[in-house]
A.B. asks: 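Got a structure here, written out as structure tokens. Questions coming.
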Protein chains: 2
Amino acid sequence: MSIAASGHRNHWMSDLDDIDRKLLALLQENGRTSYAELGKAVGLAVSSVNDRVRKLQDRGVIEGVYAALSAEALRLDLLAIIFVGWTDPATEAPFLARVADEPSILECHHVTGAWNYLLKVRTHTTRDLEAFLAAIVKGVPGVQRTETLIVLSSAKETFHLPLELPAWRNPRA
Amino acid sequence: MSIAASGHRNHWMSDLDDIDRKLLALLQENGRTSYAELGKAVGLAVSSVNDRVRKLQDRGVIEGVYAALSAEALRLDLLAIIFVGWTDPATEAPFLARVADEPSILECHHVTGAWNYLLKVRTHTTRDLEAFLAAIVKGVPGVQRTETLIVLSSAKETFHLPLELPAWRNPRA
DNA sequence: GAAATTCTCCGCAAAATTTCCGGAATCATG
DNA sequence: CATGATTCCGGAAATTTTGCGGAGAATTTC
């Protein structure tokens with residue numbers, strides 16, 4: 001019995017079976033895994049793996065394949081979490097425009113709670129962070145408050161999305 | 001004059017010249033860019049590009065090449081930022097062990113401020129998040145406080161590290 | 001339940017890419 | 001300016017990707 005026969009497809013949009021999930025797991029770990037190797041892992045021919053991966057890309061499940069660079073090697077030694085707040089709603093649009101073309105901002109999330117946005121920022125030094133804060137806070141009129149947390153160390157920082165059902169998942173969900 | 005001649009190497013560890021940075025920028029955008037295309041972009045032969053990329057990998061500047069999956073396509077609709085706190089230092093080790101093998105935790109940072117750690121977590125539903133919090137808070141003895149922020153929307157979420165000097169960089173750095 | 005449609009899978013061959021090599025050219029050093 | 005290290009190059013071999021046509025299975029339709 002093949003792996004495919006052991007599983008069954010869901011009926012939701014992404015419609016992934018066990019083989020798809022296995023392929024995604026392998027490609028998340030190494031985006032350059034050859035189709036031959038993938039095929040060996042899931043028990044499919046090279047051309048079949050090609051079909052599947054192409055469809056996963058077409059369906060948008062695989063957004064892209066990217067080289068991950070080392071922040072340490074690039075001497076981006078400072079990682080900071082910055083909360084940003086304002087009261088005037090007109091502040092948001094220019095703020096987001098500023099965020100979009102600022103490469104040092106890796107993430108920008110609209111969050112619940114006392115603050116408006118949360119930024120994840122990488123710089124080389126505290127001096128750079130200081131200059132960055134001045135550029136953002138002073139550069140975007142309306143930004144009133146910021147609070148900066150410095151990351152002392154990162155125990156985990158992965159791009160891998162969870163593919164299997166978590167063990168703690170509520171059984172009635 | 002070649003591109004190489006226009007730049008000059010630094011003397012720090014990673015020792016990247018303009019061509020290296022250009023290659024890294026291109027591979028950050030598309031990890032499957034062929035050496036032929038990379039060579040056309042930087043003005044080098046295919047084999048030379050191969051040499052450079054291999055060295056960038058060996059030096060650890062390129063940590064790996066990964067397929068990025070769509071959280072939306074995988075129905076991971078909930079993104080949460082969770083602060084975790086405790087007073088007993090003995091709590092840290094089992095907490096980190098728990099974090100390591102929990103796929104729903106994408107990031108875990110040791111941060112300054114009132115909290116000990118910051119987690120970035122993706123789940124399918126609020127119900128899953130509830131179960132996750134119960135598993136982490138109750139599952140790790142010593143964890144006393146948590147605070148959860150829900151991400152309403154993400155204006156930016158990139159893996160691309162900044163490669164060029166920022167415009168606001170302090171000139172005396 | 002039979003026919004038709006769709007889907008998945010396969011092998012194969014062409015095209016593209018990667019990889020490795022020796023040697024030329026360039027750069028750094030003493 | 002000699003020497004050694006590094007970078008670059010073209011080309012050939014190995015690997016990989018890609019695009020077929022068709023077989024087989026599953027699903028749908030009548």
Side-chain angles (χ1 to χ4, degrees), chain A residues 1-69 73, chain B residues 1-69 73:
Chain A
M1 172 155 60
S2 72
I3 293 180
S6 69
H8 56 89
R9 290 180 173 277
N10 309 326
H11 62 286
W12 57 343
M13 166 190 140
S14 52
D15 194 27
L16 303 174
D17 64 13
D18 293 344
I19 292 184
D20 286 329
R21 270 186 287 271
K22 179 85 178 177
L23 293 175
L24 292 174
L26 292 168
L27 289 172
Q28 266 197 140
E29 280 198 38
N30 178 6
R32 277 186 172 161
T33 310
S34 71
Y35 292 150
E37 200 169 336
L38 291 174
K40 210 180 304 175
V42 300
L44 285 185
V46 169
S47 51
S48 305
V49 173
N50 188 354
D51 288 348
R52 291 217 176 215
V53 173
R54 187 205 312 285
K55 278 172 190 166
L56 288 170
Q57 287 169 331
D58 292 346
R59 281 191 282 172
V61 181
I62 297 176
E63 290 184 336
V65 178
Y66 306 108
L69 309 187
Chain B
M1 171 156 61
S2 72
I3 293 180
S6 69
H8 56 89
R9 290 180 174 277
N10 310 324
H11 63 286
W12 57 341
M13 165 189 142
S14 53
D15 195 27
L16 303 175
D17 63 13
D18 293 343
I19 291 184
D20 287 329
R21 270 187 287 272
K22 179 83 178 180
L23 293 175
L24 293 174
L26 291 168
L27 288 173
Q28 266 198 139
E29 280 197 39
N30 179 6
R32 278 186 171 161
T33 310
S34 71
Y35 293 150
E37 200 169 335
L38 291 174
K40 211 181 302 177
V42 301
L44 284 185
V46 169
S47 52
S48 305
V49 173
N50 187 353
D51 288 347
R52 291 220 177 213
V53 172
R54 184 204 315 282
K55 278 173 190 165
L56 288 169
Q57 286 170 331
D58 292 346
R59 281 190 283 172
V61 180
I62 297 176
E63 291 184 337
V65 178
Y66 305 111
L69 308 187

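Please read all numbers here as calculations on a predicted model, not as lab measurements. Residue numbers start from 1 in every chain, and the chains themselves are labelled A, B, ... in the order their sequence lines are given, proteins ahead of strands.
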A.B. asks: Are B:L27 and B:L38 side-chain neighbours, meaning at least one heavy-atom pair lies under 4.5 Å?
C.D. replies: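 Yes. Closest side-chain heavy atoms under 4.5 Å.
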A.B. asks: Whole-Å distance between C:dT19 P and B:L38 CG?
C.D. replies: 12 Å
A.B. asks: What's the closest nucleotide to the side chain of B:S48 if the choices are C:dT8, D:dC9, D:dT7?
C.D. replies: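 The answer is D:dC9.
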A.B. asks: Give me the distances for all protein-to-nucleotides 23-28 of chain D N/O pairs that come in under 3.5 Å?
C.D. replies:
none

A.B. asks: Would you please test B:T33 and B:L23 for side-chain contact (heavy atoms from CB on, under 4.5 Å) and show each step?
C.D. replies: CA-CA 10 Å; B:T33 310; B:L23 293 175; over 6 Å; no
A.B. asks: Given the rule in the side-chain contact (heavy atoms from CB on, under 4.5 Å) test, do B:L44 and B:K22 qualify, once you have shown the distances and angles that lead to the verdict?
C.D. replies: CA-CA 12 Å; B:L44 284 185; B:K22 179 83 178 180; over 6 Å; no
A.B. asks: Does A:K55 pair with A:D58 as a salt bridge, N-O distance under 4.0 Å?
C.D. replies: no
A.B. asks: Salt bridge check, A:R52 against A:D17: does any charged N sit closer than 4.0 Å to a carboxylate O?
C.D. replies: yes
A.B. asks: Would you mind reading off the distance between B:D15 atom CG and C:dA28 atom P, rounded to a whole angstrom?
C.D. replies: 11 Å
A.B. asks: Looking at C:dT8, I'd like to know if its phosphate oxygens (OP1 or OP2) sit under 4.0 Å from a side-chain N or O belonging to A:K55.
C.D. replies: yes
A.B. asks: What heavy-atom pair brings A:A36 and A:V46 nearest, and what distance separates the two atoms?
C.D. replies: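 Here A:A36 and A:V46 meet closest at CA-CG2, 3.8 Å.
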A.B. asks: Separation of A:I19 atom CD1 from C:dC9 atom P, in whole Å?
C.D. replies: 6 Å
A.B. asks: For the pair made of CG in B:L44 and C1' in C:dA25, what is the distance, rounded to whole Å?
C.D. replies: 14 Å
A.B. asks: Expressed in angstrom and rounded to an integer, what is the separation of B:K40 atom NZ from C:dA16 atom P?
C.D. replies: 12 Å
A.B. asks: Which heavy atom of B:Y66 sits nearest to which heavy atom of A:E29, and what is that distance?
C.D. replies: CE2-O, 3.2 Å
A.B. asks: Counting C-beta onward and ignoring hydrogens, is there a side-chain heavy-atom pair between A:L16 and A:L56 closer than 4.5 Å?
C.D. replies: yes
A.B. asks: Can you tabulate the close N/O pairs, meaning under 3.5 Å, that link protein atoms to atoms of nucleotides 15-19 of chain D?
C.D. replies:
unit_1 : atom_1 : unit_2 : atom_2 : d
D:dT17 : OP2    : A:Y35  : N      : 2.9
D:dT18 : OP2    : A:Y35  : OH     : 3.3
D:dG19 : OP2    : A:R54  : NH1    : 3.0
D:dG19 : OP2    : A:R54  : NH2    : 3.1

